[in-house]
Amino acid sequence: MTIHLWQAFLIGVVYYLGQMGTPWVSLAGTHSIMRPLVNGALVGLILGDPVQGTIYGAAIQLPFLAWIGAGGAVPMDTALAGTLGTALGMASGVSPSVAITLAVPISLIGTMIWVLHMTVDITFVHMADTAADEGNINRINFLHVWPPQITMFIFSVLPAMLAAYYGSGPVKDVISGLKGTPLHVLTVIGGLLPALGIAMNLRAMTAKGTLVFFILGFMVVEYSGMAILPIAVFAAIIAYIYTKLYMKKGSERA
């Protein structure tokens, strides 16, 4: 598969929309697009095969199941991992397991991009301080939105576009040189990484009152024979009712 320049640009735009602090698709939209499962499907749509994109994105999502950014820190860039991991995986024709091994180091590179544009954004904060001293509210509003977003757009779209456009060829060459045992090792490692993500997620689910819902869901999936969609609907209803009762009980105590 060949990634054309316009496709590489759109992949970069998907990465930009999945960055924290992007206001155009709302906070919920940004936190959805930053997930490899979602941005992988979007990249697959751009490359003409949304089903394969979803498969790659779902595989890359697994190691990042327990991902969380605390206090503005970004330990791994899931948006870049999903977009570039899916794009390079589909372009090079590797299996989703191998794409995972590509996505994990890519996510670490994304943290450097994040730190870079946050460092540049400090300049706009000082400019806003000066505008505040002058009482210029319109300039403060302008500096709060447009310069940071333009900077983020450049620092997000440009690296992702260049990597998607020029990176597929080198990745194909590297994968061709690793055929045999090295590629098998990468596949095995890629198969282990999702287990790590699932284990971290399970650890977060062992809190009091949470594990029982996981066990209930597992039993329903395993023995009811129901499709995943109606199970998800029932789970959402149960979560809504439980949350309402729990919040009501908490308010009565207060």
Side-chain angles (χ1 to χ4, degrees), residues 6-47 50 53-89 99-100 102-125 128 140-164 197 200-201 204 232 236 239 243:
W6 66 271
Q7 292 175 315
F9 173 76
L10 291 179
I11 291 170
V13 172
V14 171
Y15 172 49
Y16 162 72
L17 293 176
Q19 287 273 44
M20 286 192 296
T22 306
W24 315 119
V25 290
S26 77
L27 181 62
T30 298
H31 277 265
S32 298
I33 296 176
M34 73 167 57
R35 309 297 173 182
L37 177 61
V38 178
N39 58 50
L42 294 175
V43 169
L45 184 64
I46 293 170
L47 297 180
T54 304
I55 292 173
Y56 278 89
I60 295 171
Q61 177 70 67
L62 291 175
F64 301 101
L65 278 177
W67 178 90
I68 183 172
V74 181
M76 294 177 290
D77 192 337
T78 58
L80 190 63
T83 51
L84 276 187
T86 300
L88 296 178
I100 294 173
L102 295 174
V104 171
I106 287 174
S107 71
L108 299 178
I109 296 174
T111 61
M112 293 186 281
I113 298 175
W114 171 262
V115 171
L116 178 61
H117 83 69
M118 289 295 286
T119 303
V120 174
D121 283 351
I122 294 174
T123 305
F124 309 129
V125 175
I140 293 174
N141 291 334
F142 173 80
L143 291 170
H144 180 66
V145 178
W146 293 107
Q149 289 304 315
I150 292 172
T151 302
M152 186 186 294
F153 186 86
I154 294 172
F155 286 176
S156 301
V157 174
L158 196 60
M161 179 180 70
L162 293 176
M200 293 173 66
N201 201 42
T243 303

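Heads up: numbering here begins at 1 and tracks the sequence.
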ask   = Can Met112 and Ile109 be said to form a side-chain contact (heavy atoms from CB on, under 4.5 Å), step by step?
value = CA-CA 5 Å; Met112 293 186 281; Ile109 296 174; 4.2 Å; yes

So, do [X] and [Y] sit near enough that their side-chain heavy atoms are less than 4.5 Å apart?
| X | Y | result |
| --- | --- | --- |
| Val13 | Phe9 | yes |
| Asp77 | Tyr15 | yes |
| Leu88 | Ile106 | yes |

So which atom in [X] and which in [Y] form the shortest heavy-atom distance, rounded to 0.1 Å?
| X | Y | answer |
| --- | --- | --- |
| Leu84 | Ala164 | CD2-N, 3.8 Å |
| Pro148 | Leu143 | CD-O, 3.2 Å |
| Thr83 | Val14 | CG2-CG1, 3.7 Å |
| Ile154 | Pro159 | O-CD, 3.6 Å |
| Leu80 | Ala160 | CD1-CB, 4.3 Å |
| Ala99 | Gly85 | CB-O, 4.0 Å |

request  = Give the C-alpha distance, both sets of side-chain angles, the deciding distance and a yes or no for side-chain contact (heavy atoms from CB on, under 4.5 Å) between Leu47 and Ile11.
outcome  = CA-CA 9 Å; Leu47 297 180; Ile11 291 170; 4.2 Å; yes

What distance do [X] atom [atom1] and [Y] atom [atom2] have between them, rounded to the nearest 0.5 Å?
| X | Y | atom1 | atom2 | result |
| --- | --- | --- | --- | --- |
| Leu65 | Arg35 | CG | CZ | 9.5 Å |
| Phe153 | Leu17 | CZ | CG | 8.5 Å |
| Leu45 | Asn39 | CG | CG | 12.5 Å |
| Thr22 | Ile33 | OG1 | CD1 | 8.5 Å |
| His117 | Ile113 | NE2 | CD1 | 8.5 Å |
| Phe142 | Phe124 | CZ | CZ | 9.0 Å |

For [X], which residues count as a side-chain hydrogen bond (donor to acceptor under 3.5 Å, both in side chains) partner, sequence neighbours excluded?
| X | answer |
| --- | --- |
| Gln61 | none |
| Ser156 | Gln19 |
| Tyr56 | none |

key: Enclosure of His144 NE2 (heavy-atom neighbours >12, cutoff 6.0 Å)   = no

request  = Begin with the C-alpha distance, continue with both residues' side-chain angles, and end with the deciding distance and a verdict on side-chain contact (heavy atoms from CB on, under 4.5 Å) for Gln149 and Tyr16.
outcome  = CA-CA 9 Å; Gln149 289 304 315; Tyr16 162 72; 2.7 Å; yes

